[in-house]
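To keep things clear, I will list the structure first and then write my remarks on it.
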Amino acid sequence: MVEILVFAAIKMTQENHKEQPFPKHIAIIMDGNGRWAKRKGKLRIFGHENGTKAVRSTVETCAKIGVENLTLYAFSTENWKRPKLEVQTLMQLLISSLRKELDTLKKHDIRLNAIGNLESLPVKVFKELTHVIEATSTNSRMTLNLALSYGSRDELTHCMKEIGKKIKKNIISPEKIDESVINQHLYTRNLPDVDLLIRTSGEQRLSNFLLWQIAYAELYFTDVYWPDFRDEHLYEAIANYQKRERRFGKTSEQLN
Ligand code: IPE
Ligand code: IPE
Ligand code: MG
């Protein structure tokens, strides 16, 4: 029964595709793992482990229904401040998930990409990540961007430094700096702007995520904790997005 409903929802979303706007780029702040575990009387890490199930189902479904870019906030620059044991376990979980999910990515023709200050990751994580990125580099159905050790302020600082260096070497003149030059120096270069930003767990803040890239994104907040996030919640978010009018500064009349 559940499968029939899910299938119907996929069909519905695919059919809507033609007439209704469909998000090309979905970004998700996967929040609430710790509270999910606490509610069950378990340790925070139990929530992170169960969060990986939501990651798998969301990635697979997004690829199936035709989302071209999915960006998942997995670890922020601020998350390094968490207790050492939690950080270590999260890094370990990342390595095992990358190993386990390589076949899933191949099966669904998904390319893995990573954004963030990747050099700050432990060597083991960096190596596994590079391996999966290389092994999926020719896949083309969907790009999955993992935001790891990612912070928007770090990204913008990095971007300004890179542009500054090029100015110093006379590769770019300051007059030539425009939005596209900035885009090309962000970790997200070559990715389209975010259309739909989802945050789970009831928090309504951005927590240093893609501040430049969400300038015109539609924001969607749900109370569901990340480990409980499944297809029905994704469809709800997409259906909600499809009801909105994106005006980009124009008037309604101009759009019609
Ligand atoms: C999101 O869940 C996962 C990461 C930030 C790594 P949290 O760990 O933030 O869970 P809460 O927000 O404390 O419930
Ligand atoms: C944002 O969640 C980072 C990730 C989901 C990876 P946090 O739980 O770290 O954000 P705050 O601290 O509640 O703003
Ligand atoms: Mg949180």
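When a ligand or atom number is given, it counts from 1 through the structure's own listing order. This structure is a prediction, so every number in the text was calculated from the model and none was measured.
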Let me check something: any side-chain donor-acceptor pairs from residues 146-155 under 3.5 Å, sequence neighbours excluded? List them with distances.
from	atom 1	to	atom 2	distance (Å)
Ser149	OG	Trp80	NE1	2.9
Ser149	OG	Ser120	OG	2.8
Tyr150	OH	Ser152	OG	3.3
Tyr150	OH	Glu155	OE1	2.5
Tyr150	OH	Leu210	N	3.3
Ser152	OG	Leu210	N	3.1
Ser152	OG	Leu211	N	2.6
Asp154	OD2	Tyr187	OH	2.9
Glu155	OE1	Gln213	NE2	3.1
Glu155	OE2	Tyr187	N	2.9
Glu155	OE2	Thr188	N	3.4
Glu155	OE2	Gln213	NE2	3.3

Above 12 or not: heavy atoms from other molecules or residues under 6.0 Å from CD of Glu179? no
Salt bridge check, Arg246 against Asp195: does any charged N sit closer than 4.0 Å to a carboxylate O? yes
So, is the end of the Lys38 side chain (NZ or CZ) under 6.0 Å from the ring centre of Trp36 and within 45° of the ring's axis? no
Heavy atoms from other residues, nucleotides or ligands near CD of Glu245 exceed 12 (cutoff 6.0 Å): yes
Tell me if the CG atom of Leu43 is crowded by more than 12 foreign heavy atoms within 6.0 Å. no
Consider ligand 1: state whether an atom of it lies below 4.0 angstrom from any non-hydrogen atom of His48. yes
Which of the atoms in ligand 1, numbered in the order shown and given with their element, are less than 4.0 Å from a heavy-atom of Arg44? 7 (P), 8 (O), 10 (O), 13 (O)
Report each N/O pair between ligand 2 and the protein that falls under 3.5 Å, naming both atoms.
from	atom 1	to	atom 2	distance (Å)
ligand 2	8 (O)	Asp31	OD1	3.2
ligand 2	8 (O)	Arg82	NH2	3.3
ligand 2	9 (O)	Asn79	ND2	2.9
ligand 2	9 (O)	Arg82	NH2	3.4
ligand 2	10 (O)	Arg199	NH2	3.4
ligand 2	10 (O)	Ser207	OG	3.4
ligand 2	13 (O)	Arg205	NH2	2.8
ligand 2	14 (O)	Arg205	NE	2.8
ligand 2	14 (O)	Ser207	OG	2.6

Under 4.0 Å between a side-chain nitrogen and a carboxylate oxygen: does that hold for Glu218 and Arg244? yes
Do Glu162 and Lys165 sit within salt-bridge range, that is, some charged N less than 4.0 Å from a carboxylate O? yes
Polar protein atoms (N, O or S) that approach the Mg ion (ligand 3) to under 2.8 Å: Asp31 OD1
May I ask you to decide if Arg205's main-chain N or O and Arg199's side chain share a donor-acceptor pair within less than 3.5 Å? yes
Name all residues meeting the side-chain hydrogen bond (donor to acceptor under 3.5 Å, both in side chains) criterion together with His185; count only those two or more places apart in sequence or in a different chain, and write none if there are none. Lys166
